[in-house]
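Scroll down for the structure; my scribbles are underneath it.
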Number of protein chains: 4
Amino acid sequence: MQARTFTGSGRRAQIVTAAIEVIAEVGYAKASFSRIAKHADLSSTGMISYHFAGKDDLLTACVAEIEQVTGAFMQPRIDAADGHVARLRAYVESNLALVGEHPAAVRALIDIVKNAASQSPAVNGRLAVFEEHFRSGQAAGVFRPFDVRTVTIALITGLDAVVVTAADTAPEPTELARLGRELADLYVRATALDPEGGSA
Amino acid sequence: MQARTFTGSGRRAQIVTAAIEVIAEVGYAKASFSRIAKHADLSSTGMISYHFAGKDDLLTACVAEIEQVTGAFMQPRIDAADGHVARLRAYVESNLALVGEHPAAVRALIDIVKNAASQSPAVNGRLAVFEEHFRSGQAAGVFRPFDVRTVTIALITGLDAVVVTAADTAPEPTELARLGRELADLYVRATALDPEGGSA
Amino acid sequence: MQARTFTGSGRRAQIVTAAIEVIAEVGYAKASFSRIAKHADLSSTGMISYHFAGKDDLLTACVAEIEQVTGAFMQPRIDAADGHVARLRAYVESNLALVGEHPAAVRALIDIVKNAASQSPAVNGRLAVFEEHFRSGQAAGVFRPFDVRTVTIALITGLDAVVVTAADTAPEPTELARLGRELADLYVRATALDPEGGSA
Amino acid sequence: MQARTFTGSGRRAQIVTAAIEVIAEVGYAKASFSRIAKHADLSSTGMISYHFAGKDDLLTACVAEIEQVTGAFMQPRIDAADGHVARLRAYVESNLALVGEHPAAVRALIDIVKNAASQSPAVNGRLAVFEEHFRSGQAAGVFRPFDVRTVTIALITGLDAVVVTAADTAPEPTELARLGRELADLYVRATALDPEGGSA
DNA sequence: CATGAATGAGAATTCATTCAT
DNA sequence: GATGAATGAATTCTCATTCAT
């Protein structure tokens, strides 16, 4: 059922893997074809241009690959959670746990997202999932009424920033878990219904 | 009395202004000396190198200039607020309001911060102010106990992202005010003490 | 069998040749990538950067190429000479004869040597060969005892200067031969044992 | 009688002094107006262009100044020597002794001479003095007959090279004296008449 | 399919010189 | 006289892309 987001030929996969590692190491801005080719033990950058239509194409492939990997890690944890609030918490916590498993992928993804035009599909995809979650949660009466788009932007980028910070310092799994709980607490409180007995 | 944080000679100021506008327009990554020189009606990029020791120096000057401008707008509004919570709200709301006044400055600053090394003074300065505010608020018993650093990172970057989004769409002042209130609500709730009567 | 000290691909060789000629013409200091590219009919300096890691790399390749050429000319003449003194003479004379055969190579090499840091391998290599020759000659009792290093420096640079001067005026082979004899005489006398019957 | 080789106004002298020090430090090639201005505590390079017609003019002034200084040191020592051979020896030895007194001046002069066009007056001046000395010595029958020009070039540049090497290592005065004697020995032997009893 | 050489635009920086004040 | 801002050409190097083999 799963559409093949996979990178096709061996060469493509090899290049994508190298690109992700390079982006994670030196950042999006400095991830030139040269550097990626060198990292992938390719003798020339022509190779990359041959397999990808351009830098955007390569980046898209990287994002797809990363989402494959991160999805495989996070999705089961999110699915195991019951209810909108628990799923929000599971998202945040599994995202931080992910840092311990695939630090390069995480760092690369966030760096790409940060630098990509905000209209890019990758960015919008992540936003859309969150927005939908909040909207249905509001409909179900478990999230307070707030401007879904604005809150989504704030929370996702905040989460990204914490994840990047964590990835930079490579902390212990227990510390990652703590950060996840901290942030999940923050987000749950931020979106929770007002206490019912409140006079306001 | 105020030491001149101002950009010194006329030319320097002109270049800084142009640089800010260019960064706001095309982004940090593409803000080359060429582009800035063209924007500032300078005949050569050598001009810029003459007035600034390098790209870092120019960027630092830009940040200083922007902080001058934004501080002048936001500080009085923050100072007018009473108490930690109100000040947090004032910060968020005046930051959004600022978008209507100085969209280029806002966009440029955030782009610089995003791309600068996280150790840069500009970044750390903003974080430090927030952290201190949260810490004293916790001591005063108006914020719940949370990991100040983690929460600060999440909230500041979230705010930045909303601000950038707002700057991109150039909404009416009333819409900006609404966004400010939305986000302030979010942050106030996220950091508020638990209701005292709570059974949990 | 001889490992290829040769310049590898055709382009590299072409660039090295052009570089040597340019250095010979305008001197080390003014031998920019631009000039070399123009001389080699390359459309851009990027070409050179593509084939060589930097200016040092190109220069090293030039030196290797020149030493290849000059060695092929001088070595047989030196080897044909018998004894330390005759070999010293053969070195000096064949070096001046070389000017008639490869004036550009000779001029370029000396210019590079002059401007390179004195620690560069090219410089040290030439010195080492001479020093070893003097030392073994002293041990064999055919050269008087002198400070080998100091004398070597003086004689090599003196030889270089005469060679360059000769290269500048492009004299007849017979004139080159005469200059060679003159200088060889000078050096042989300078290093010869004192006459045995000398009272001093 | 001595024409005023002195640098005229205070500013000129200041610039010349700085230029000499900069050339001695970083070499002729990297001795830009910027660097010299900085070294001289001038706020702009325009100052230099104002006082000197161009780089050549400044260099000429440097050479004149250096020759003033070195002449003041060497000339008395040379004049004190009796006879052509002794004067040759005195020249060489005092030149090496000079390294201990004015290392910057020595280094700068040689660097300028090395890089200047061989037709420059500075270069020719030094050669002419030597040539004249050798010629009159030959006429007086104290030097053997040799090609004066060729030998002069070889010996002067050899001397320069040893001097530079010495200047780089900044040895003790006694070591400088030893080097001077070594080289003087070399040159005296190289130019000496054949032993009279020789059958040739 | 794959390669690696070629391309040409663009990057930041340094340079000697000029010129209005 | 003196200044320092301005100039524009030149420097090495990197970039993404193209193309013939």
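Just so it is clear, the values below take in all heavy atoms, side chains as well, and ignore hydrogens, waters and symmetry mates. All chains are named by letter (A, B, ...) in the order of the sequence lines, taking the proteins before the strands, and each is independently numbered beginning at 1.
- Taking the nucleotide of DNA chain F with the nearest heavy atom to each of C/S32 and B/Y50, the more 5' of the two is matched to B/Y50.
- For E/dT17, its base sits under 3.5 Å from the side chain of D/T45 at one donor and acceptor pair at least.
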Exercise for the section: Please step through salt bridge (Lys or Arg N to Asp or Glu O under 4.0 Å) for the pair A/K114 and A/D160, ending with a clear verdict. Expected result: CA-CA 9 Å; A/K114 231 172 43 183; A/D160 279 351; over 6 Å; no
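- In this entry F/dT3 has E/dA20 as its Watson-Crick or G-U wobble partner, both defining distances falling under 3.5 Å.
- OP1 or OP2 of F/dT3 sits under 4.0 Å from a side-chain N or O of D/R11.
- Put simply, B/S49 has no side-chain N or O that comes within less than 4.0 Å of OP1 or OP2 on E/dA12.
- Between A/F52 atom CZ and E/dT3 atom P there is a gap of 14 Å when expressed in whole angstrom units.
- Computed from coordinates, the C/L58 CG to F/dT11 C1' distance equals 15 Å when rounded to whole Å.
- Checking the phosphate oxygens (OP1, OP2) of E/dA2, a side-chain nitrogen or oxygen of A/H51 falls inside 4.0 Å.
- In this structure, the CD1 atom of C/I36 is 11 Å from the C1' atom of F/dT12, given to the nearest Å.
- Atom CD1 in B/I15 sits roughly 11 Å away from atom C1' in F/dA5 (whole-Å rounding).
- Across all strands shown, E/dG10 is found opposite F/dC13 as a Watson-Crick or G-U wobble partner, with both distances under 3.5 Å.
- Protein atom NZ of A/K55 is 12 Å distant from nucleotide atom C1' of F/dT17, rounded to whole Å.
- Remark: C/E25 CD to C/R35 CZ distance equals 9.5 Å, nearest 0.5 Å.
- Separating the NZ atom of B/K38 from the C1' atom of E/dA12 is a distance of 15 Å, rounded to the nearest angstrom.
- Atoms CD1 and CG, from D/I23 and D/D111 in turn, are 7.5 Å apart once rounded to the nearest 0.5 Å.
- Comparing E/dT7, E/dA16, E/dT3 by their nearest atom to the side chain of C/S43 picks out E/dT7.
- Residues A/S44 and B/K30 both approach DNA chain E. Their nearest nucleotides, taken by heavy-atom distance, put A/S44 toward the 5′ side.
- As rounded to whole Å, 14 Å separates atom P of F/dG8 from atom CD1 of B/I48.
- Counting to the nearest Å, the P atom of E/dA6 and the CG atom of C/D41 are 13 Å from each other.
- Between B/L42 and C/F33, it is B/L42 whose nearest contact on DNA chain F lies nearer the 5' terminus.
- Taking 4.5 Å as the limit, every side-chain heavy atom of A/M47 sits out of range of all side-chain heavy atoms of A/F33.
- The side chain to side chain contact (heavy atoms under 4.5 Å, CB included) test with C/H102 singles out one residue from C/I66, C/V69, C/T70, C/I20, and that residue is C/V69.
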